[in-house]
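Working notes, beginning with the structure itself.
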Amino acid sequence: MAKTKKEKKEKKAGKRMKKKELVKALLDFFHVKQDEVLSLKYIFEQLHLTTHPLKMLCMDILSELSDDDYITEVDKHKYKLNNHGVEMTGTFQRKSNGKNSFIPEGGGDPIFIAERNSAHAMAGDKVRIAFYAKRRGREAEGEVIEILERANDTFVGTLEVAKSYAFLVTENRTLANDIFIPKEKLKGGKTGDKAIVKVVEWPDKAKNPIGQVIDILGKAGDNTTEMHAILAEFGLPYVYPASVEKAADRIPAEIPAEEYAKREDFRNVTTFTIDPKDAKDFDDALSIRKLKDNLWEVGVHIADVTHYVTEGNIIDKEAEKRATSVYLVDRTIPMLPERLCNFICSLRPDEEKLAYSAIFEMTDKGEVKNSRIVHTVIKSDRRFTYEEAQQIIETKEGDFKEEILKLDSLAKILREKRFTAGAINFDRYEVKFEIDEQGKPVSVYFKESKDANKLVEEFMLLANRTVAEKIGRVPKNKKPKVFPYRIHDLPDPEKLDNLAQFIARFGYKLRTGGTKTDVSKSINHLLDDIQGKKEENLIETVSIRAMQKARYSVHNIGHYGLAFDYYTHFTSPIRRYPDMLVHRLLTKYLDLGGRSVSEQKYEALCEHSSSMEQIAANAERASIKYKQVEYMTERLGQTYDGVISGVTEWGLYVELNENKCEGMIPIRDLDDDYYEFDEKNYCLRGRRKKRTYSLGDAITIKVARANLEKKQLDFALVE
């Protein structure tokens, strides 16, 4: 095909375009389109880059501009102008090694802030920064010019008291400096006391912030002191307000006659609770009776907490603030006052109790023919521990064996259906400690989920799901009423790809595309394949990291991990605030036909509950970590087999096979070579000898150091 004059001319002109001109043309183009993401193809088209040499030149320039941080490659071959101007607001992140960084508000790469330019900002503070001129090949750098909002001004640490002043020595990774405390602000604290200190000021020229003692927790190293210190570190309460306890003491335990009249009576139906052996708060009970051949009535009875705790009263306000009970290694920090959780609301055997119940009519094949949610009065016939119920399932002998075996067989069918629908089967065991009177860990054991646990779990899932469906599932043209759901998003595609690449090294495959059921079935397949293999725990851990976290929200997107379109939390109102919200709204909508509540208000409550759940989980982990270090302190110098459970640029994390305690081999101790960190492949590689340490490798270590203050174990390599 003959070329037109215009095309010939364009081609010649194209040849003559110099690098300098193209740089200018590109910069002008990015500024015109400063808020858009521009694809390579689009840039070629718009700038008439038709020849191969010009396209290559353009790509070189784009790569240079990207290295200089002038533009950002948002995705493969997609670019956007980095127009952050000279000032930005965002969050300050402090590191004790002085490598502080700033995270921009709307997202974007972290920006390095040197200690001298941090204006004494603290971790999590909202700040405004100014940019420095960019140096070639160096990361962007800035300086804090204003602290807009302090995130946290209280710290936990150990006091060191001198003659006329004192310091709080913190183990907080985010504070490089000890806190100076004037003598008169000590509140009677002595050297070696754990204390909570509030920072009152950090003068410009001063190296240390100045603080005052808010509370003395007790002697460092004392068990209760250390547990309270963990709670305080996470901003969790460690005492229960007396005024709230008093309000609970005034609640009568007797059930008034008119309550019986309003409720369905289940006192004569076989009912029992199944709980851990050390449980005191029994949230849930199960009942079962035969209606006719091939039809059973199963009741999931939940403590009717909101009958006693009315919205907005002093007990409710405290529960809302806490949002959850916290389970540390050796104690429970309850959401509700003890009188309610262990006595009035707890479904104790042989006591008449008020319950909120989900009642199911089920066939032998596990089909739910009918369900209703009603207020009831119940009386539990027996309290089982999981171990006792498990024994009945295994030996087919014992109290209420017919009922327990029937529930077990129904639960197994429900479970099977869930997996067929694409639920993901993470069967994690938990590490538990046997603890003596002084709180010292004497041995470690693993709690795994057996049939008895799964029986209870399946019926709780069924009740939670049914409650969510009753409110959420409405005819096409109707808008469902506002309701808190427990939601779980699909795995992050990038993390799934990383997981697939990682497990390929062990010879496993994973589908990362297709429908969500395809992906979840493939994950289950993987979890089955690794059962009993040495890499089992490791691959499970990496798989869990690829998952999103479940959370609460009034905007329902379904629950991916359970493969339910509608799911909520209804079954634990003694220990979770969202369940109390769900109980109240159910009563309002189902019994009273009430109007929908405010979406904004309930979404805020959901967000608060999700964040408190996260904080509680972190505190629980910290208490386990503390006990692990305490347990290993007595075992210094001993040798153990383990597996590499984490690889970082500062060292290798190793989890011991025998007790699942985790410690670190610092990089400085791997002194036979210069090691480089390969993030993509989760490994450290020696430069000269090419020796590699990879995630999942078996390794033998000896216990070198145990630092209780830092909750840190150091291991040394045993060749």
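Only a predicted model underlies this, so the values are computations on that prediction, with no experimental measurement involved.
Partners of Y577 according to the ring-ring contact (aromatic ring centres under 6.0 Å, His included) rule, which considers only residues two or more places apart in sequence or in another chain, do not exist here. Under the side-chain hydrogen bond (donor to acceptor under 3.5 Å, both in side chains) criterion, D284 pairs with no residue at all, not counting sequence neighbours. Y238 is linked by a ring-ring contact (aromatic ring centres under 6.0 Å, His included) to H228, counting only residues two or more places apart in sequence or in another chain. In terms of the salt bridge (charged side-chain N to carboxylate O under 4.0 Å, His left out) criterion, residue partners of K412 (sequence neighbours excluded) are, by chain and number, D408, D451. For D518, the salt bridge (charged side-chain N to carboxylate O under 4.0 Å, His left out) criterion is met by R511, not counting sequence neighbours. Scanning for ring-ring contact (aromatic ring centres under 6.0 Å, His included) contacts around F502 gives F506, Y682, with sequence neighbours left out. Taking the salt bridge (charged side-chain N to carboxylate O under 4.0 Å, His left out) definition, one finds that D125 meets it with R150, sequence neighbours left out. Evaluation of the ring-ring contact (aromatic ring centres under 6.0 Å, His included) rule for F92 yields no partner, not counting sequence neighbours.
For R551, the CZ atom sits in a loose shell: 12 or fewer heavy atoms of surrounding residues, nucleotides or ligands are nearer than 6.0 Å. The local environment of NZ in K533 is crowded, with over 12 non-hydrogen atoms from other residues, nucleotides or ligands closer than 6.0 Å. Heavy atoms from other residues, nucleotides or ligands lying under 6.0 Å from NZ of K481 number more than 12. Counting heavy atoms of neighbouring residues, nucleotides and ligands inside a 6.0 Å radius, atom CD of E105 exceeds 12 of them. In this structure, E540 places its CD atom where more than 12 heavy-atom neighbours from other residues, nucleotides or ligands lie under 6.0 Å away.
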**Q.** Full working for side chain to side chain donor-acceptor pair (under 3.5 Å) between K470 and S371
**A.** CA-CA 10 Å; K470 287 254 192 271; S371 68; 2.9 Å; yes
Q: Output, in order, the C-alpha distance, side-chain angles, deciding distance and verdict of side-chain contact (heavy atoms from CB on, under 4.5 Å) for V482 and L585.
A: CA-CA 9 Å; V482 171; L585 290 180; 5.6 Å; no
**Q.** From CA spacing to verdict: salt bridge (Lys or Arg N to Asp or Glu O under 4.0 Å), E233, K711
**A.** CA-CA 13 Å; E233 207 176 304; K711 306 184 200 44; 3.8 Å; yes
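Ion pairing between K660 and E662 fails under the 4.0 Å rule for side-chain N and carboxylate O. Electrostatic pairing of E430 and K447 counts as a salt bridge here, judged by a charged N lying under 4.0 Å from a carboxylate O. Between E318 and R322, at least one side-chain nitrogen of the basic residue sits less than 4.0 Å from a carboxylate oxygen of the acidic one, meeting the salt-bridge criterion. Of the charged side-chain nitrogens involved, none lies within less than 4.0 Å of a carboxylate oxygen, so that K625 and E226 do not count as a salt-bridged pair. Look at K627 and E434 and you find no salt bridge, because none of the NZ, NE, NH1 or NH2 atoms lies under 4.0 Å from a carboxylate O.
Closest of all the heavy-atom pairs between G696 and V643 is O-CG2, 3.2 Å. Across all their heavy atoms, K317 and G312 have their closest contact at NZ-O, 3.4 Å. Closest of all the heavy-atom pairs between V329 and S623 is N-OG, 3.0 Å. When all heavy atoms of V156 and A229 are compared, the closest pair comes out as CG1-CB, 3.9 Å. In terms of heavy atoms, I404 sits closest to I393 at CG2-CG1, 3.9 Å. Between F360 and T466 the shortest heavy-atom distance is CE2-OG1, 3.2 Å.
Aromatic ring centres of Y485 and H569: separated by at least 6.0 Å.
Ring orientation note: the planes of F272 and F384 are nearly perpendicular, at an angle over 60° on the 30°/60° scale. Ring geometry for Y567 versus H559: interplanar angle over 60°, hence perpendicular rather than tilted (30 to 60°). Ring planes of F483 and Y589: tilted class, angle from 30 to 60°.
In this structure, the separation between CG on L455 and CG on L286 is 6.5 Å, given to the nearest 0.5 Å. To the nearest 0.5 Å, atoms CG (L336) and OG (S346) are separated by 11.5 Å. Expressed to the nearest 0.5 Å, how far CZ of R383 lies from CD1 of I274 amounts to 11.0 Å.
Among pairs with a residue in residues 446-479, those fulfilling ring-ring contact (aromatic ring centres under 6.0 Å, His included) read Y429-F446, at least two apart in sequence or across chains. For residues 567-588, the pairs satisfying salt bridge (charged side-chain N to carboxylate O under 4.0 Å, His left out) are D283-R575, D316-R584, R576-D579, with sequence neighbours left out. Sorted by first and then second residue, the side chain to side chain donor-acceptor pair (under 3.5 Å) pairs involving residues 602-613 (not counting sequence neighbours) are R486-E613, S553-E603. Counting only residues at least two apart or in different chains, side chain to side chain donor-acceptor pair (under 3.5 Å) contacts with residues 326-337 comprise N223-D330, T224-R331.
Figure legend: R465 and F564 shown as a cation-pi pair, the cationic atom lying under 6.0 angstrom from the six-membered ring centre and within 45 degrees of its axis.
The residue from N425, T420, L461 that alone fulfils the side chain to side chain contact (heavy atoms under 4.5 Å, CB included) condition with R415 is N425.
A donor-acceptor contact shorter than 3.5 Å links the side chain of T568 to the backbone of P484.
Side-chain N/O atoms of S287 and H301 include a donor and acceptor closer than 3.5 Å.
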